[in-house]
Enquirer: 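Pasting a structure below so you can have a look.
Everything numeric in this text was worked out from a predicted model, so none of it was measured. Values below: every heavy atom of this structure, side chains too, minus hydrogens, waters and symmetry copies. Within every chain, numbering begins at 1; the chains are lettered A, B, ... in the order of the sequence lines, protein sequences first and strands thereafter.
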Amino acid sequence: MPTVRTRFAPSPTGYMHIGGMRTALFNWLWARHNGGQFVLRIDDTDRERNVEDALQPILDAFGWLELDWDEGPEVGGEYGPYFQSQRGDLYTEAVNRLLAAGKAYEDFDPPEVVQADRAAAEQEKQPYLNIRRSLELSEAKRDDLKAQGKPYVIRFLVPRDRSVAIDDHVRGRVEWDCGLISDPVIMRGDGSPLYNFATVVDDAQMKISHVIRAEEHLTNTAVQALLFQALGFDLPEFAHIPFVAAPGSKEKLSKREKQIEKYRKSPQFKKLFDLADRVFPLIGEGDSATLNPVMVAYYEKIGFLPQAVFNGLARLGWSYDDKTENMSREFITENFTLDRVVKSSAGLDPDKLLAYQEYWMGDLPLDEKVNGCLPYLTKAGWITDPVTEDTRSFVTRLVTALGERVKLFSDVLSYDEYFVDDEALAFDEKAFEKRIRKPDEASQLLGEYRGRLATVEPFEAAALDADLHAFVEEKDIKIGQIIHALRVAVTGKPAGPGMFDCLALLGRERCIARIDRALAAC
RNA sequence: GCCCCCAUCGUCUAGUGGCCCAGGAUGCAGGAUUCUCAGUCCUGAGACAGGGGUUCAAAUCCCCUUGGGGGUACCA
């Protein structure tokens, strides 16, 4: 088998789409699995869309997931340049070859005419085919029109008397009747190539062995296959993988504003949008309007682990067997094959992604977990930057106490009670009412217990635990009669880590100050 | 309109003619543990779109219907 070479060709749009990332991942995986090369090529032929700096976020996303490329921006390679905007000569040369061979033609019909033809065909319920009026023109006439400055485009002359087929790695044999394919424009009047053409020229010149892309490109493949043949190139292998659909739907996950608004309300996606609106403002990253779950950066910024996203993306449309879910990148790379890619579209499932995240978070060593949480605390301004040794050890203790409650790194931001001043601690109104104000004996018990708290030694979880149990026994009460009130008084919240961890974390002074404050608020 | 693709629990999937009255995961419901929440551990509900064939035997093969999706650009 010749060297496997795959490629991903993003347009510089200013951000990396999660669905595109999944396509890139499959390409990367196939190349790595086979010890081949993965090429990154920038599709910036649509010049109006091309934006400065629009590439960096895409490269960043690759960096975050550690998908390295062997050729492309920043690294070069022997089949460069890797920006289509710089490959004009290659396209011109290819177009000229087609023109000279009579496999392409200059079309002088203006867009309005073509559109009218198309509308007429639809009216008659017939497939649209170009009328090819320009083909009737004599060479002299064409030269004349050009001399007049009449605009024209180059169209590929589709051989209508045959069919084309590909043997797709995931879809099997797919065949098209060329008599139903209209002549595609392959080059604009200004010499800029269209996608279908540029991609063929590039894939051939870059010796891409496997074109792995989303299913939405399947129809394009007919024209591309024809183009490969017309240009005298061998056909690469194709694998049209299912696209990533919006949660709970079969529709392609879209980046369009209108769709985003729809996703925001969808039950499955809502969770992630809400998270963004809660977390991003705290760390100065805007909100869900600037960073949403269609973008890869969202996952990084909200505190996902790259290995979790890697795992989740790999399982979207691909599986190893009937039970393996949690897989490392090494395992996936080792076992990734095209024949295990499914055919039907795969909806992104935020819950499932979260489940992978929980797994991989659980796999993370404590110090790395702390490292992941720290930036959220500094960005929120809850701790000083740079982080002192004391702060770091405090956060380490907190993260330990929090345990599996920290699923995303940004989850630490749900525990502001460990960072606010005692006077600024907000009591959850409902909880305060239910646990402190309403029960008759709560405030009295709290007052008594406060006295013991002042003298317990050492002020550590185990000793505090023993002491409270002794207190409960002396008073002949149930632990529930005091502990809930204590929790609300000290943390302001009805839920959290183990009570004694909370107390130890806060320290004697702060616990007492907070109990006093709660008592005063009764 | 025309062309193409797809069709197993809500979702992601296993299943390549008998191992499947369909397995796993996730989500959901109930229970256990506990000071709460998270977690963990049990338990439960939950799918082969429909109809015809082929075959001793079909979720698996073929056909039709229906449904869903994608493409149809001087976008990528």
Enquirer: Over all strands shown, is A:Val174 touching base, sugar-phosphate only, or nothing at heavy-atom distances under 4.0 angstrom?
Expert: sugar-phosphate
Enquirer: Looking only at atom P, what distance separates B:A49 and B:A32, rounded to whole Å?
Expert: 39 Å
Enquirer: Could you check whether A:Lys407 gets within reach of a base, just the sugar-phosphate, or nothing at all, counting any heavy atom under 4.0 Å?
Expert: sugar-phosphate
Enquirer: Expressed as a whole number of Å, how far does the C1' atom of B:G52 sit from that of B:U43?
Expert: 41 Å
Enquirer: Where the side chain of A:Trp176 is concerned, which of B:C5, B:C3, B:G70 is the nearest nucleotide?
Expert: B:C3
Enquirer: Kindly indicate, with the supporting measurements, whether the criterion ring-ring contact (aromatic ring centres under 6.0 Å, His included) is fulfilled by A:Phe238 and A:His217.
Expert: CA-CA 11 Å; A:Phe238 289 102; A:His217 290 277; over 10 Å; no
Enquirer: Over all strands shown, is A:Arg155 touching base, sugar-phosphate only, or nothing at heavy-atom distances under 4.0 angstrom?
Expert: sugar-phosphate
Enquirer: Heavy atoms under 4.0 Å is the rule here; annotate nucleotides 11-16 of chain B 5' to 3' with B where the base is hit, S where only the sugar-phosphate is, and - elsewhere.
Expert: BBSSS-
Enquirer: Judged by atom type as modelled, is there a donor-acceptor pair below 3.5 Å linking the side chain of A:Ser163 to the main-chain atoms of A:Cys178?
Expert: no
Enquirer: Is the A:Tyr320 ring parallel, tilted or perpendicular to the A:Phe331 ring (thresholds 30°, 60°)?
Expert: perpendicular
Enquirer: Identify which nucleotide among B:G1, B:G70, B:C35 has an atom closest to any side-chain atom of A:Ile479, counting heavy atoms from C-beta outward.
Expert: B:C35
Enquirer: Please determine, for the side chain of A:Lys125, which listed nucleotide (B:A76, B:G1, B:G70) has the closest atom?
Expert: B:G1
Enquirer: Just say parallel, tilted or perpendicular for the rings of A:Trp69 and A:Phe62, cut-offs at 30° and 60°.
Expert: perpendicular
Enquirer: Judged by atom type as modelled, is there a donor-acceptor pair below 3.5 Å linking the side chain of A:Asp501 to the main-chain atoms of A:Pro497?
Expert: no
